[in-house]
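To keep things clear, I will list the structure first and then write my remarks on it.
Whatever order the structure lists them in is the order used to number ligands and atoms, beginning at 1.
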Amino acid sequence: MRTGVCYYPEHWPEERWATDAAHMRRLGLSVVRIGEFAWSRLEERDGSLSLDWLERAMNILHDAGLSIVLGTPTATPPRWMLDKYPDMLAVDAQGRRRDFGSRRHYCFSHEPYIDECRRIVSILAERFGEHPGLIAWQTDNEYGCHSTSISYSAQALAAFRGWCADRYTDIRQLNLAWGNVFWSMEYDSFEQIGLPVGTVTESNPSHQLAYWRFSSAQIRRFNRAQVEILRKLSPGRDILHNYMGNFVEFDHHELSRDLDIATWDNYPLGFLTRDSDDAEDQKLFLRTGHPDSSAFHHDLYRGCCNGRWWVMEQQPGPVNWAPYNPSPASGMVRLWGWEAFAHGAEVMSYFRWRQAPFGQEQTHTGVLLPNGDDDVAAAEIAVLNRELDELASLPANALTGNTVHPDDRIGGHASTVQSSVAIVFSYAGIAMQDIQPPGGSGYSSLDFCQRLYGACRQWGVNVDIVSPQAALDHYRLILVCTSTEDDAPLVEKLEAVRREQQPIIALFPGTGSRSSEYRIPDELPPGQFARLIPVRIVRSESLPLRTVLTASDATGRYLNCARWREHVNSPIEPRMRFSDGWGFHYEQERIHYINAIPDDPALRSLAGEWLQQAGLPCRDIGPLVRTQRIGPYRLAFNFGTQRVDLDKHLGPRLDFHHDTQVLIGSRTLDHAQVAVWVVR
Ligand code: GAL
């Protein structure tokens with residue numbers, strides 16, 4: 001793994017660039033991302049280009065030995081662009097224009113703006129596409145950030161009507177597919193179709209789902225317009241985009257088909273204070289981030305581009321945008337680096353080099369303080385880089401044939417992550433549950449999926465998070481928790497792996513509960529998934545937050561569920577029953593149907609049972625320590641405040657023996673500390 005940093009040469013005097021580049025190298029950084037917001041400096045007025053400064057900056061960075069990622073500046077159309085196209089702004093659900101004065105103010109459906117993007121990308125690729133320092137392009141920046149995935153502009157409406165005409169050909173087909181006879185919502189022509197917003201009460205969920213699919217496709221189309229140019233004019237350079245955390249507003253699996261590398265922006269403390277409503281977690285992990293937060297996304301994005309992934313932006317200290325912005329515990333910057341290594345990152349890059357004393361993010365820390373002195377992250381990054389080099393030069397590598405030069409480690413690393421557990425992750429399935437949340441107000445299927453992931457990680461196993469289209473034949477435990485869509489190809493694939501490899505397969509509430517057009521399947525949920533296990537959902541109920549339903553068996557064993565329960569008809573005797581007699585947990589020939597949302601202890605116990613049945617080495621390591629295997633190594637991370645003895649905590653089941661030699665760190669882990677060793 002290499003490390004890098006996000007740099008904005010246009011923010012600093014040119015005389016400083018060489019000093020910065022040399023200092024980056026001193027800290028061990030070898031990748032630098034630049035340019036993604038620089039449009040107003042690259043083209044001050046329409047057609048008046050100034051590219052020389054960027055060339056000088058690239059030369060300085062390259063001469064210092066840094067590999068460059070150049071961002072296309074399309075997330076920040078300059079002010080003059082609006083004079084040209086006043087209607088290019090995105091429009092929000094309330095009909096307000098998303099005005100100039102920050103960023104991401106364009107609408108994905110504005111064709112003249114897409115042409116402007118093609119133009120600037122062509123200019124940049126022609127000039128810099130074969131620069132010797134350039135290794136990759138980043139398209140735009142964080143598609144969808146600041147709620148920009150969906151726009152309700154006139155252009156979007158026109159494009160949506162065209163998209164519907166292509167998809168349904170005949171308006172009667174659309175009426176039928178969406179069930180528009182309900183409330184007399186039928187249309188006579190595609191020109192009558194409106195946007196699923198501003199209706200008196202909720203708009204038709206089929207209409208909402210179609211608009212989600214359309215918006216997701218528009219983002220992919222927007223991205224592809226740039227990719228096509230870059231492929232032609234900048235051969236041999238990787239193309240990547242920086243995705244976000246806890247963000248599912250468009251189908252990342254689809255967009256990733258056009259990229260070489262999936263990268264993402266990791267702000268663990270920001271995510272915790274912004275996205276978690278768990279007071280205990282907020283307290284425990286305020287300065288470390290949740291132990292499953294970074295790892296979940298590393299594994300999710302590893303599944304997007306055939307294993308190739310980076311962290312493009314990593315939090316170095318307090319950020320500016322969450323409700324509260326605490327400082328990370330000492331050691332966390334180093335730990336997050338090792339964690340990315342453990343999950344197969346090719347690059348871990350920090351945001352940003354130097355804290356900006358102006359603009360919206362002046363309270364966002366960097367590697368350097370606003371005055372150019374080192375901030376605290378600098379020292380931890382230097383240590384991380386020294387240790388990475390040390391590991392790369394240790395005899396263990398010679399033993400395993402892994403003798404890659406430290407500066408030439410891009411590629412290949414990620415493929416050495418091996419997992420026997422897969423979570424099948426469907427962006428469309430999550431969108432479907434978000435449209436009419438089956439667990440009631442505030443229920444989040446993404447959150448449930450993350451809790452399920454955490455339950456497995458608590459047993460010390462590697463987990464892959466894969467798209468419904470991914471090959472599943474090498475997994476021994478397959479968890480299907482977001483496949484709301486009655487997905488015939490997925491069912492067929494699961495039937496085939498069941499025949500051939502006999503893994504354990506678990507289906508969770510809502511699986512196969514809607515057709516691709518958002519209708520309840522004729523044969524009732526779980527639709528065709530019932531070919532795997534004979535269950536029929538005859539009712540689905542949502543429950544207030546604090547209502548707990550306990551299921552138990554004759555031996556007195558019990559599990560608690562909350563939020564959402566399905567009533568099941570089945571010839572199979574359930575493993576447990578709720579007090580009102582309805583069953584919980586159906587199992588037949590290694591296929592499980594879980595018909596309610598288990599709480600954390602219940603999920604952990606189910607995960608443990610399945611992992612053991614699947615014959616995978618595992619052990620309950622609790623909520624505070626995490627471990628991951630990669631290639632010849634295993635790593636352990638302590639997110640808790642108590643010291644942990646790896647002999648006792650992991651033991652031989654998780655590859656820690658009394659004579660294990662720890663290569664990085666020590667046999668006991670203090671708060672925010674890491675250990676790395678070679679697996680026997
Ligand atoms: C990211 C974004 C960066 C910067 C950063 C601050 O979402 O890509 O440009 O704004 O957040 O944490």
Atoms of ligand 1, numbered as shown, that sit under 4.0 Å from any heavy atom of Asp265: 8 (O)

Top protein contact for atom 7 (O) of ligand 1, by heavy-atom distance: Glu142 OE1, 2.4 Å

Ring center gap for Phe358 and His11 short of 6.0 angstrom: yes

Pair Tyr243 + Tyr301: ring centers closer than 6.0 Å: yes

Ligand-residue contact atoms, ligand 1 with His364, heavy atoms, under 4.0 Å: 6 (C), 12 (O)

Salt bridge (charged side-chain N to carboxylate O under 4.0 Å, His left out) assessment of Asp292 paired with Arg626: CA-CA 8 Å; Asp292 298 314; Arg626 288 291 175 264; 2.7 Å; yes

Arg56/Glu14 ion pair, N-O < 4.0 Å: yes

Protein heavy atom at shortest distance from atom 5 (C) of ligand 1: Tyr267 OH, 3.3 Å

Mutual orientation of the aromatic rings belonging to Phe108 and Phe222 [parallel < 30°, tilted 30-60°, perpendicular > 60°]: perpendicular

Min heavy-atom dist Arg352 to ligand 1 below 4.0 Å: no

Short N or O distance, Glu36 and ligand 1, threshold 3.5 Å exclusive: no

Proximal ligand 1 atoms for Phe37, defined as those under 4.0 Å from one of its heavy atoms: 9 (O)

Point-to-point distance, once rounded to the nearest 0.5 Å, from SG of Cys145 to CG of Asn242: 9.0 Å

Min side-chain heavy-atom separation Arg334-Val674 under 4.5 Å: yes

Identity and separation of the nearest protein heavy atom to atom 9 (O) of ligand 1: Arg103 NH1, 2.8 Å

Test: Arg33 and Glu36 ion pair at under 4.0 Å: yes

For Trp321, the ligand 1 atoms whose distance to one of its heavy atoms is below 4.0 Å: 6 (C), 12 (O)

Geometric N/O contact Glu361 with ligand 1, under 3.5 angstrom: yes

Asn141 neighbourhood, listing ligand 1 atoms whose heavy-atom distance to it stays under 4.0 Å: 2 (C), 8 (O), 9 (O)

From Met312, Gln138, Glu313 - option closest to atom 3 (C) of ligand 1 by heavy atom: Glu313

